[in-house]
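Basis for what follows: all heavy atoms, side chains included, without hydrogens, waters or symmetry-related copies.
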Amino acid sequence: MFSSDFMRVLSERGFIHQCTDEAGLDALAAQGRVSAYIGFDCTADSLHVGSLVQIMMLRWLQKTGHRPIVLLGGGTTKIGDPSGRDESRTLLGEDAIAANKEGIRRSFASFLGFGEGASDALLVDNADWLDRLGYIPLLRDVGAHFSINRMLTFDSVRLRLEREQPLTFLEFNYMILQAYDFLELSRREDCRLQMGGSDQWGNIVNGVELARRIDARQLYGLTTPLITLASGAKMGKTAQGAVWLNPERLPAYDYWQYWRNTDDADVGRFMRLFTELPLDEVARHEALEGAELNESKKLLASEATRLCHGAEAAAAAAETARQTFEEGVAGADLPVREIPRSALEAGMPANAVFQEAGLCDSRGAARRLIRGGGARINDQVIESELYTVGTHDIGADGRIKLSAGKKRHVLIQPA
């Protein structure tokens, strides 16, 4: 049993996979305030649900009285993390990295409290120190502590080589720079803990060992388990793409629907990880079955959406879903896609419209949906693959409602 609130909460809610020294970290967290960080490279202008376990871990760190540090990889993004990849990432330019940094800042706005207080979150950019590193001093002072033999055993390197995929010298240096990040944050911010996904274990251990060798300082590392769906699929990906956290990339209603569609077997686990519901309440929901479990999924969706988008957006999404599914009307917050009125006047094949609306990832998939009877326009089943969508389908509200199955709906707005 852990003595610190931080380690106890993480353990009870299922966040802990590996830790360099559980007893030591627990004692440190019980003694006083701990600063801990997680790094996020700037590869897109929003984070997605695949990063949510790490974000929630930072949130619990803050809620238990400690200081979270969000490290934006303005420097490491210029290299690209090879972990879990079969090929090199596309290298981004300075302007793209800067735009992505700003977007990622917004991803954290509703999850963490930033400020100047002792437990307020801090946001830093590793470009502040990595861009200033001299190559020869880095090789001499840091590179000397890394064994090539050991580096070749890390999954990010070993798996790429086993699959005979190229690994550039640029990427090979990534783990050295990430370890240096930990050393630098230890010196600058008294940061004692690095957290991350299980694929970052080797990189985190490197940082712990580097600080011990250079500064004779005890640091700690903690990773979360790989989160997959009950189906075995990777979390955060759908046929329509990533489940983004920023509302500019994914409306709150779509975000709510993602959680509402959770598999029965995942409800309790996701309540522990992605909401702040008390564990006794989570246990009660886990015992439910059938139609009762649908109410649990709605609660999961509303609580997860509240944390990401706010209580008002969560309530609006839930009400839109209620109107759509229980009253059969188009709720106000259904996602809207614009299609030129001229295209509708000329007539568009139904499969093209469903793809354009994001309900299917290809025209072939849309044709299969129509053949299976799962495609509807204004709540009427499309009987033929040859159906043409046109201005005659525009309803009294000036829009066309598309439905794929019972749970996914989009409004088409003629533009």
If only atom types and distance count, is the side chain of [X] paired as donor or acceptor with the main-chain N or O of [Y] below 3.5 Å?
| X | Y | value |
| --- | --- | --- |
| Ser302 | Leu299 | no |
| Arg13 | Arg272 | yes |
| Asp266 | Ala230 | yes |
| Asp393 | Ile400 | no |
| Asn203 | Ala179 | no |
| Gln413 | Ile339 | no |
| Thr20 | Gly221 | yes |
| Ser51 | Leu47 | no |

Worked verdict on Val124 versus Leu122 for side-chain contact (heavy atoms from CB on, under 4.5 Å): CA-CA 7 Å; Val124 297; Leu122 177 67; 3.8 Å; yes

Quick one, [X] and [Y] - any side-chain contact, counting heavy atoms below 4.5 Å?
| X | Y | value |
| --- | --- | --- |
| Gln54 | Thr224 | yes |
| Leu177 | Leu130 | yes |
| Leu359 | Leu402 | yes |
| Glu189 | Ser35 | no |
| Thr77 | Leu92 | yes |
| Arg187 | Ile214 | yes |
| Ile38 | Met57 | yes |
| Arg67 | Val34 | no |

Closest heavy-atom pair and its distance - [X], [Y]:
| X | Y | result |
| --- | --- | --- |
| Pro225 | Phe15 | CD-O, 3.3 Å |
| Leu369 | Cys360 | CD2-SG, 3.8 Å |
| Met56 | Leu273 | CG-O, 3.5 Å |
| Gly103 | Asn246 | O-ND2, 2.9 Å |
| Asp131 | Gly75 | OD1-CA, 4.5 Å |
| Ser119 | Gln62 | O-NE2, 2.9 Å |

At what distance, to the nearest 0.5 angstrom, does [atom1] of [X] lie from [atom2] of [Y]?
| X | Y | atom1 | atom2 | answer |
| --- | --- | --- | --- | --- |
| Ser110 | Ile55 | OG | CD1 | 8.5 Å |
| Cys19 | Leu222 | SG | CG | 4.5 Å |
| Asp254 | Thr305 | CG | OG1 | 10.5 Å |
| Leu10 | His17 | CG | NE2 | 14.5 Å |
| Ser11 | Ile16 | OG | CD1 | 5.0 Å |
| Lys298 | Thr262 | NZ | OG1 | 14.0 Å |

Pairs where residues 100-117 contributes a residue and the test salt bridge (Lys or Arg N to Asp or Glu O under 4.0 Å) is met, not counting sequence neighbours: Lys101-Asp125, Glu102-Arg105, Arg106-Glu248

Any pair counted as salt bridge (Lys or Arg N to Asp or Glu O under 4.0 Å), so long as it reaches residues 14-33, sequence neighbours left out: none

Applying ring-ring contact (aromatic ring centres under 6.0 Å, His included), can you list everything that pairs with [X], at least two apart in sequence or on another chain?
| X | answer |
| --- | --- |
| His309 | Tyr255 |
| Phe274 | Trp259, Phe270 |
| Phe354 | none |

Return the set of residues passing salt bridge (Lys or Arg N to Asp or Glu O under 4.0 Å) with [X] (not counting sequence neighbours), or none when no residue passes.
| X | value |
| --- | --- |
| Glu12 | Arg8 |
| Asp263 | none |
| Arg367 | none |

Ionic contact status for Glu356 with Arg337, cut-off 4.0 Å: no

Matching residue for Ser296 among Glu286, His285, Glu289 - test: side-chain hydrogen bond (donor to acceptor under 3.5 Å, both in side chains): His285

Residues Asp361, Gln355; criterion side-chain contact (heavy atoms from CB on, under 4.5 Å); working and verdict: CA-CA 6 Å; Asp361 57 5; Gln355 181 191 24; over 6 Å; no

Any pair counted as ring pair (Phe, Tyr, Trp, His ring centres under 6.0 Å), so long as it reaches residues 91-128, sequence neighbours left out: Phe40-Phe108

Residue pairs, two or more places apart or on separate chains, that pass ring pair (Phe, Tyr, Trp, His ring centres under 6.0 Å) and touch residues 183-222: none

Validation: residues 133-147 side-chain donor-acceptor distances under 3.5 Å, sequence neighbours left out:
unit_1	atom_1	unit_2	atom_2	d
Ser147	OG	Asn149	N	3.3
Ser147	OG	Arg150	N	3.3

Derivation of the side-chain contact (heavy atoms from CB on, under 4.5 Å) call for His409 and Lys401: CA-CA 7 Å; His409 309 272; Lys401 180 184 176 186; 3.6 Å; yes

Distance-only side-chain donor-acceptor flag, Arg217 / Ser186, under 3.5 Å: yes

Distance-only side-chain donor-acceptor flag, Asp45 / Asn100, under 3.5 Å: no

Evaluation steps, side-chain contact (heavy atoms from CB on, under 4.5 Å), between Trp244 and Val49: CA-CA 6 Å; Trp244 300 102; Val49 165; over 6 Å; no

Pairs flagged by side chain to side chain donor-acceptor pair (under 3.5 Å) wherever residues 273-282 is involved - sequence neighbours left out: Arg59-Glu276

Check against side-chain hydrogen bond (donor to acceptor under 3.5 Å, both in side chains), Gln178 and Gln194: CA-CA 10 Å; Gln178 184 169 330; Gln194 181 183 175; 3.0 Å; yes

